> 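One structure coming up, written as structure tokens, with questions to follow.
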2 protein chains.
Amino acid sequence: MRNLCMVVSYDGTSYHGFQSQPQKNTIQDKIEEALALLTGEKILIVSSGRTDARVHARAQIINFITGSPIPVRSWGLAINTILPHDIVVLHVKEVPMEFHARKGAKSKTYRYTINGNRFADVFQRFTQFHHPTYLNVDEMEKALHCLIGKHDFTSFCSRKSVKESHIRTINEAKIVREQQIDPFQNPVQAGVFHIYLTGNGFLYNMVRIIAGTLIEIGEGKKDANEMKRILEAEDRSYAGPTADAHGLTLWEVSY
Amino acid sequence: MRNLCMVVSYDGTSYHGFQSQPQKNTIQDKIEEALALLTGEKILIVSSGRTDARVHARAQIINFITGSPIPVRSWGLAINTILPHDIVVLHVKEVPMEFHARKGAKSKTYRYTINGNRFADVFQRFTQFHHPTYLNVDEMEKALHCLIGKHDFTSFCSRKSVKESHIRTINEAKIVREQQIDPFQNPVQAGVFHIYLTGNGFLYNMVRIIAGTLIEIGEGKKDANEMKRILEAEDRSYAGPTADAHGLTLWEVSY
């Protein structure tokens with residue numbers, strides 16, 4: 001038996017999230033079906049963590065135990081031939097038997113992308129949240145920086161969370177602006193920008209609630225200075241709405 | 001009556017090309033239906049030129065005559081509300097009555113994108129032609145440069161062409177490589193690169209046949225020096241196959 005680790009990229013648009021659910025179309029089901037076809041085994045995969053419906057992954061990490069003799073170098077091509085075109089395995093390696101994609105994850109990076117141009121980009125419409133009215137990105141960035149460090153993130157966590165502790169550490173938080181390439185957009189618009197958050201763990205809906213709160217700050221509905229008070233309130237009702245799922249991408253997982 | 005010019009961006013994946021055809025789903029039909037709904041007029045649009053099924057446009061140019069009193073600044077928002085999400089109007093302006101999007105076009109730029117990585121990019125799968133085996137991009141670039149200038153492009157033109165003359169001028173031809181951002185790809189792979197062609201006019205399937213020929217050169221099936229002989233042969237059978245439509249984007253039109 002071997003423990004194999006895979007880097008998987010997926011466009012979450014057509015799926016009910018990563019995790020297997022009865023009668024739902026999920027990414028886990030697609031991968032497990034492909035593995036069953038390839039190996040003849042009933043394989044259960046472990047991921048670094050679930051992603052919600054319509055959320056994407058650039059580099060999700062999964063692992064599974066298999067008795068299959070297929071050489072490591074052949075796995076990628078073999079499984080990609082079976083997988084649908086919106087799920088692609090980018091890399092495969094053999095790892096020690098004790099490696100566990102969820103338990104071993106040291107930190108994760110998520111990206112939330114906002115298109116602040118007047119009109120949407122047709123080619124990125126499934127991965128960018130389109131916000132056509134004015135956003136003050138500098139204020140959003142100022143507010144975002146308040147989140148760096150170890151905090152109780154109850155204010156930025158879905159009330160459905162069943163976690164005992166809401167204390168998490170954000171190691172890095174930044175906004176990266178794309179170069180404006182569309183000559184037809186109004187110059188006062190915010191352009192396309194990405195919110196990156198790296199931390200040791202993220203609560204249910206945490207990145208989307210942070211994005212939703214930052215959007216309210218960008219709109220001027222909330223002041224950047226309020227971010228600290230929202231965090232300290234430890235109360236979901238203080239934060240903004242949960243931003244749309246499709247702007248979110250699981251960017252990277254570190255072990 | 002006014003003559004309005006629009007910059008239109010579309011993801012051609014779901015369409016039978018730009019030009020209206022009986023019983024087919026076309027971009028022209030979608031735009032004309034939206035204009036009819038908006039103005040109550042039966043409007044016929046003129047484009048800079050048709051694009052084939054599954055070919056995209058970053059900035060297609062169209063114009064049409066209308067008696068509608070809607071102010072220019074309101075057109076974009078109004079029509080985008082009606083159009084499907086894979087067609088977006090980026091800019092609208094009033095132009096002199098004699099402006100004609102096809103006849104007035106001085107030059108056009110097309111982009112053909114190849115993903116030469118081992119595995120496809122799920123997020124760009126509708127706009128990148130995936131070529132997982134080795135390509136010598138330097139040789140492709142060398143061959144591409146032979147096409148610059150005024151030539152008879154019969155070798156790079158579909159036999160279905162009904163044009164009287166196949167003489168066209170290519171003003172600029174270049175390959176632009178994307179920065180490799182995927183750490184999981186094999187370093188000997190070609191990465192993602194874009195073939196840009198700018199000229200005073202393009203024949204039926206011309207860019208796709210040029211791309212198909214360059215791919216054969218990149219694969220080593222043809223030598224870069226053969227490009228000149230293929231061009232001089234003025235015979236379609238000398239060139240490579242017509243590359244897949246989905247890698248092609250109408251990039252820019254100049255007037």
Side-chain angles (χ1 to χ4, degrees), chain A residues 5-15 27 30 56-61 73-81 83-93 111 113 115 117-128 130 132-133 181-186 189 246 249 251-254, chain B residues 5-15 27 30 56-61 73-81 83-93 111 113 115 117-128 130 132-133 181-186 189 246 249 251-254:
Chain A
C5 173
M6 288 184 171
V7 181
V8 188
S9 186
Y10 49 82
D11 172 348
T13 306
S14 313
Y15 296 97
I27 293 141
K30 291 289 174 200
H56 317 288
R58 166 184 172 265
Q60 168 70 286
I61 305 293
R73 67 175 183 284
S74 309
W75 272 90
L77 194 61
I79 193 168
N80 285 333
T81 309
L83 284 170
H85 291 301
D86 47 10
I87 305 176
V88 171
V89 169
L90 294 177
H91 189 67
V92 184
K93 66 173 177 180
R111 183 180 88 166
T113 300
N115 182 337
N117 287 321
R118 190 161 178 225
F119 301 121
D121 179 341
V122 287
F123 302 109
Q124 309 300 332
R125 68 191 185 282
F126 298 122
T127 56
Q128 293 182 344
H130 183 221
T133 55
I181 53 158
D182 189 333
F184 308 109
Q185 299 287 357
N186 190 333
Q189 299 283 323
H246 72 282
T249 301
W251 196 250
E252 203 170 7
V253 189
S254 303
Chain B
C5 173
M6 286 183 175
V7 182
V8 188
S9 186
Y10 50 82
D11 172 348
T13 307
S14 314
Y15 296 97
I27 294 140
K30 291 289 173 198
H56 317 287
R58 168 185 171 265
Q60 168 71 286
I61 305 294
R73 68 176 181 285
S74 309
W75 273 90
L77 194 60
I79 193 169
N80 285 333
T81 308
L83 285 169
H85 291 301
D86 45 11
I87 305 175
V88 170
V89 170
L90 294 177
H91 189 68
V92 184
K93 66 173 178 181
R111 183 181 89 166
T113 300
N115 182 338
N117 287 321
R118 189 160 177 227
F119 301 120
D121 179 342
V122 287
F123 302 109
Q124 310 299 332
R125 68 191 186 281
F126 298 122
T127 56
Q128 294 182 343
H130 183 220
T133 56
I181 53 156
D182 191 332
F184 308 109
Q185 301 284 359
N186 190 333
Q189 300 283 323
H246 73 282
T249 302
W251 196 250
E252 203 169 6
V253 189
S254 301

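Note that the structure is a prediction, hence the values are computed from the model and not measured. Chain letters run A, B, ... following the sequence lines, proteins first and then strands; every chain starts at 1.
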> Where is the tightest heavy-atom contact between A:Tyr10 and B:Phe123, given as atom of each residue plus distance?
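Scanning both residues completely, I find the closest heavy atoms to be O-CZ, 3.3 Å.
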> Can you name the nearest heavy-atom pair linking A:Arg73 to B:Arg118, along with the distance?
O-NH2, 3.2 Å
> Of all heavy-atom pairs between A:Phe119 and B:Asn80, which one has the smallest distance, and what is that distance?
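Taking every non-hydrogen atom into account, CD2-ND2, 3.0 Å.
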> Below 4.5 Å, heavy-atom pairs only: which of B:Val88, B:Ile87, B:Val89, B:Asp86 has the largest tally toward chain A?
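Looking at each option in turn, the highest pair count goes to B:Asp86.
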> In terms of heavy-atom proximity below 4.5 Å to chain B, should A:Leu77 be classed as side chain, backbone, both, or neither?
both
> List in chain and number order the residues that pass salt bridge (charged side-chain N to carboxylate O under 4.0 Å, His left out) with B:Arg125, two or more places apart in sequence or in another chain; answer none if no residue qualifies.
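Counting only residues at least two positions away or on another chain, B:Arg125 forms a salt bridge (charged side-chain N to carboxylate O under 4.0 Å, His left out) with A:Asp11.
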> With a 4.5 angstrom heavy-atom cut-off, which part of A:Ser9 approaches chain B: side chain, backbone, both or neither?
both
